[in-house]
Amino acid sequence: MRDLLEAVAAGEVSPAEAEAELAGYATSGAGRFDATRESRSGVPEAILGDGKTPAEVAALAETAVETTGRAIVTRIEAPAVTAVRETVADTAPAATLRWDERARWLVVTTPSFERPSLDATVGVVTAGTSDAVPAGEAAMIVGEMGAAVTRVDDVGVASMARTIDAVDRLRDQDVLIVAAGREGALPTVVAGLVDVPVIGLPVSTGYGHGGNGEAALSGMLQSCTALSVVNVDAGFTAGVQAGLIARQIDATR
């Protein structure tokens with residue numbers, strides 16, 4: 001501890017970094033950032049943009065970059081992206097920003113940050129183009145956890161020929177995340193065709209009775225084939241589950 005205190009006094013370590021090392025988290029005016037979550041659980045800490053002001057998102061992203069070398073923000077809108085970019089330009093000018101406007105995620109990394117690398121591949125599958133938003137969030141966190149990502153898009157059961165054409169690619173993956181709205185049939189079909197874990201991701205597309213993802217969630221929960229299911233539009237959760245499976249696969253190879 002004395003070495004750490006002396007490093008803070010010498011300006012070699014910031015107070016936020018020291019707090020994170022001692023307590024496991026760092027505190028800012030916007031809240032506490034769990035800087036040790038990834039080392040503790042294998043899951044990177046992410047900042048949820050929903051419900052936060054742009055200034056709050058920027059403050060937490062700054063703390064994340066300072067303590068871990070990376071900030072992951074989900075459900076982020078353009079004003080918050082601008083706030084993060086301006087903050088990072090002042091405090092970590094060499095950092096790079098990647099923003100997916102459609103899937104609403106932002107990742108900031110410093111040049112010294114080393115992303116994990118896993119010997120495992122996760123397939124992220126969509127029934128249709130409308131399922132791209134939560135699927136994109138899932139693919140992002142899978143990649144940030146170190147697994148390779150294969151996208152297989154627009155293979156929904158409205159035309160089973162599209163699904164069958166993709167079977168060989170699906171079977172080549174170590175884990176599958178399958179996103180679908182409407183009645184949520186695609187994960188059930190895919191799980192009956194492959195011998196790898198399938199995670200169903202219900203999407204809030206569709207309308208009428210059972211809209212907003214309710215029918216998709218119910219259908220996946222009632223699947224006749226074996227699969228796991230996350231909440232509606234929970235792309236981050238699906239991606240984390242696939243990433244954790246990928247970590248175990250990597251450990252055995």
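Start at 1 with the first residue, then count along the sequence.
Thr53 places a side-chain N or O within donor-acceptor distance of the main-chain N or O of Glu56, the cut-off being under 3.5 Å. Between the Asp34 side chain and the Arg37 main chain, a donor and an acceptor come within less than 3.5 Å of each other. Of the possible donor and acceptor atoms, one in the side chain of Arg169 sits under 3.5 Å from a partner among the backbone N and O of Arg151. Within the 3.5 Å criterion, the main-chain N or O of Ala59 finds a donor-acceptor partner in the side chain of Thr63.
Checking each of Asp131, Val178, Leu201 against Val125 for a side-chain contact (heavy atoms from CB on, under 4.5 Å) leaves exactly one that passes, namely Val178. Screening Arg98, Arg115, Glu114 for a side-chain contact (heavy atoms from CB on, under 4.5 Å) with Thr109, the sole residue that qualifies is Arg115.
One distance of note links CD of Glu62 with CG of Asp90; it measures 8.5 Å at 0.5 Å rounding. Thr110 OG1 to Glu66 CD: the interatomic distance, rounded to the nearest 0.5 Å, is 11.5 Å. With rounding to the nearest 0.5 Å, the separation of CD1 in Ile249 from CG in Asp119 is 9.5 Å. Rounding to the nearest 0.5 Å gives a distance of 9.0 Å between CD of Glu101 and CD of Glu77. Between the CD1 atom of Ile72 and the CH2 atom of Trp105 there is a distance of 9.5 Å, given to the nearest 0.5 Å. How far OG1 of Thr91 is from CD of Glu86: 12.0 Å, rounded to the nearest 0.5 Å.
Side-chain contact between Thr82 and Pro54 is absent, with no heavy-atom pair separated by less than 4.5 Å. The closest side-chain heavy-atom distance from Thr163 to Val189 is below 4.5 Å. Side-chain contact between Val142 and Ile177 is present, with heavy atoms from C-beta onward closer than 4.5 Å. A heavy-atom distance below 4.5 Å is not found between the side chains of Thr68 and Phe113. Under the 4.5 Å side-chain criterion, counting only non-hydrogen atoms from C-beta, Asp165 is not in contact with Val155. A 4.5 Å side-chain heavy-atom check between Glu38 and Arg70 finds at least one atom pair inside the cut-off. Taking 4.5 Å as the limit, some side-chain heavy atom of Glu183 sits within range of a side-chain heavy atom of Val157. Residues Met145 and Pro116 are not in side-chain contact: their nearest non-hydrogen atoms beyond the backbone lie 4.5 Å or more apart.
Summarising the geometry of Gly42 relative to Pro44, their closest heavy-atom pair is O-CD, 3.8 Å, with the distance given to 0.1 Å. Closest non-hydrogen pair, Leu227 versus Pro187, comes out as CD1-CB, 3.5 Å. Ala180 and Leu186 get closest at one heavy-atom pair: CB-CB, 4.1 Å. Between Ala61 and Ala71 the shortest heavy-atom distance is O-CB, 3.7 Å. In terms of heavy-atom proximity, Ala58 sits nearest to Thr87 at CB-OG1, 3.5 Å. Closest approach of Asp250 and Ser117 over heavy atoms only: OD1-O, 4.3 Å.
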- Could you give me the CA-CA distance, side-chain angles and deciding distance for Arg253 and Asp174, then say whether salt bridge (Lys or Arg N to Asp or Glu O under 4.0 Å) is met? CA-CA 12 Å; Arg253 287 179 170 168; Asp174 294 307; 2.6 Å; yes
request  = Apply side chain to side chain donor-acceptor pair (under 3.5 Å) to Asp233 and Ser204, showing your working.
outcome  = CA-CA 6 Å; Asp233 290 338; Ser204 58; 2.5 Å; yes
Set out, in order, the CA-CA distance, both residues' side-chain angles and the distance that settles side chain to side chain contact (heavy atoms under 4.5 Å, CB included) for Ile76 and Trp99, then state yes or no. CA-CA 9 Å; Ile76 187 171; Trp99 175 36; 4.3 Å; yes
Would Leu221 and Ser218 count as a side chain to side chain contact (heavy atoms under 4.5 Å, CB included) if you check the C-alpha gap in whole Å, the side-chain angles of each, and the deciding distance to 0.1 Å? CA-CA 5 Å; Leu221 289 173; Ser218 295; 5.7 Å; no
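The pair Arg162-Asp154 meets the salt-bridge criterion, since a charged nitrogen lies less than 4.0 angstrom from a carboxylate oxygen. The residues Arg40 and Glu45 are annotated as not salt-bridged, no charged nitrogen and carboxylate oxygen being separated by less than 4.0 angstrom. Residues Asp100 and Arg102 are not paired through a salt bridge, judged by the lack of any N-O separation under 4.0 Å between the basic side chain and the carboxylate. Ionic pairing of Asp50 and Arg104 is present here: one or more N-O contacts between side-chain nitrogen and carboxylate oxygen are shorter than 4.0 angstrom.
The hydrophobic cluster containing Leu176 does not contain Ile199, counting ILVMFWY residues as joined when their side-chain heavy atoms lie under 4.5 angstrom apart, directly or transitively. Hydrophobic clustering (ILVMFWY, side-chain heavy atoms < 4.5 Å, transitive): Val88 and Leu60 are in one cluster. Val152 and Val122 are assigned to two separate hydrophobic clusters, defined by single-linkage of ILVMFWY side chains at heavy-atom distances under 4.5 Å. Linking Ile, Leu, Val, Met, Phe, Trp and Tyr residues whenever their side-chain heavy atoms come within less than 4.5 Å places Val196 and Leu170 in a single cluster. In terms of hydrophobic clustering, with Ile, Leu, Val, Met, Phe, Trp and Tyr side chains grouped at heavy-atom distances under 4.5 Å, Val232 and Leu48 are assigned to different clusters.
Thr126 and Asp153 share a donor-acceptor pair across their side chains, judged by distance under 3.5 Å alone. A donor atom on one side chain and an acceptor atom on the other are not found under 3.5 Å apart for Thr150 and Thr121. For the residue pair Ser130/Thr205, the side-chain donor-acceptor check at 3.5 Å is not satisfied.
A cation-pi arrangement is absent between Arg75 and Phe236 under the rule of less than 6.0 angstrom and at most 45 degrees off the ring axis.
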